[in-house]
Amino acid sequence: MTRRTESQDIHFEAGGSLAPPLGRSHGITKGDVKAELRRSARVLTELHSEAAPAGFVRALKRPSILANTRKAAARWRRRKPTDLIHIGIGGSSLGAEALLRALAHPQYNLQSPAKRGGPRIHFVDNVDPETLGALLEVVDLRKSLVHVVSKSGGTVETAAGFQVVRDALERAGRGTRWADHCVFTTGRSALREMARREGAEILDFPEDVGGRFSVLTPSGLFTPAVAGVDIAGVVGGARRYLSRVSRGTPAENPSAVAAAIAYVMAESKRKPIHVLMPYADSLEPLARWYVQLIGESLGKRARRGSRNVGVGPTPLPARGTTDQHSQVQLFVEGPADKWLTFVSVEASRRKRPIAGGPPADYLAGVDLGELLRAEQRGTAIALAEAARPTANWRLPTISPDTVGQLFFAFELQTAFQGALYGINAYDQPGVEAGKLAAFALIGREGYADHRKAIEASEPPTWTI
Ligand code: PA5
């Protein structure tokens, strides 16, 4: 590895979590971490294996995933659609959105078509009729591309969004064939069969990768690639991170250490709320992606002796500096039940010096990025003085390479945390009950008994 690429490595700084100086009630020792690292030593080796239940490590190594996605995206860019509507939910939407926002121009949709070089991008990840209805009022579907992402192909919100858009395409007239406007990223599913029958383009959602771990597959890569994001750089960064941590010991693996600290904080230090606070607007959606990754992967029922108990940290997103005027008061003086991780960027991509003058003469000549970094350090200092533990993912800059590293580092961290809790991080049985009840309530065939059961056991009402 060259010196140049090493200088692009991201790092996890854990000094803000240590006791001393925080004290044993709030801080951890390197010994605490070592004990947990011993328990998770096998995780990475297992993730490389063909038998691993989760395939996100294997998928990263498959060259065809990146190559096929790039080819498809290049083809669609040549067709110059004006808009791309990405329809998906949870892991089938958040990764693509986080990647796009991290790496596309911060005002991408507002740029001129020539500057943008790709379509405007819109994410539809809800069934709120206001959102999709309003979007269809302003885009010309006849000139648009629709990217439908669903591994199972059966997710009700995605099916509903797609059907509304397909119907609108069918009504668009002038010989519009809806299938010519759609790309489906899906697994072995009824959606895939339908797309095949209609002759629409299909990208493979790898069968061994779950939604929230799918950002480095077509699910997360295709939409940003059509917008011109350098997805080869992203995947390259993730691969570099994987080879870096595969060569070292768990103690040299930032994801393993972050997981061990998170586990000790939650389980031994009574700090179950884990805040992720990037100091970069472009990384705010990444914090929302992280919340889903941690929440859905680790919030599980676990066996402890003869009992089932609920485990898992509660992830909370925040954004610096904005939340310094909102949640930071709570973080500094409220309950000592939080572990806060910053994401800081050493060099912003843009320079914007402040002119100075009233009411803040002291700002003259300071760059906005310098102020951002000073405020992050200031917040870390304030938290340390209040004995509140913190950590920091440090990025040299925001680039495809560093962002790829960071996404993958979080996925690995989650896998390590899952192993420490002794749970399956790759399923989500807890979301099933609500889904089945909703099917019953909208009158889906086969759910009549379920509906009767719901009606017979209506919860108490208390309407004020
Ligand atoms: O992370 C997950 O597994 C979930 O959030 C899924 O991505 C989400 O439920 C959507 O599933 P699907 O891609 O099957 O439509």
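Counting starts at 1 for both ligands and their atoms, following the listed order.
- The aromatic rings of Phe213 and Tyr426 lie tilted to each other, with the angle between the two planes from 30° to 60°.
- One finds a salt bridge joining Glu346 and Arg394 here, because a Lys/Arg side-chain nitrogen approaches an Asp/Glu carboxylate oxygen to under 4.0 Å.
- The pair Asp204-Arg192 meets the salt-bridge criterion, with a side-chain N (NZ, NE, NH1 or NH2) lying under 4.0 Å from an Asp/Glu carboxylate O.
- Side-chain contact check for Ser246 and His48: at least one donor-acceptor pair (N or O, by modelled atom type) lies under 3.5 Å.
- A salt bridge is absent between Asp281 and Arg101: the closest approach of a Lys/Arg side-chain nitrogen to an acidic carboxylate oxygen does not fall below 4.0 angstrom.
- Within 4.0 Å of ligand 1, heavy atoms belong to protein residues Ile89, Gly90, Gly91, Ser92, Ser150, Lys151, Ser152, Thr155, Gly211, Arg212, Gln292, Glu296, Gln428.
- Lys151 places a side-chain N or O within donor-acceptor distance of the main-chain N or O of Val209, the cut-off being under 3.5 Å.
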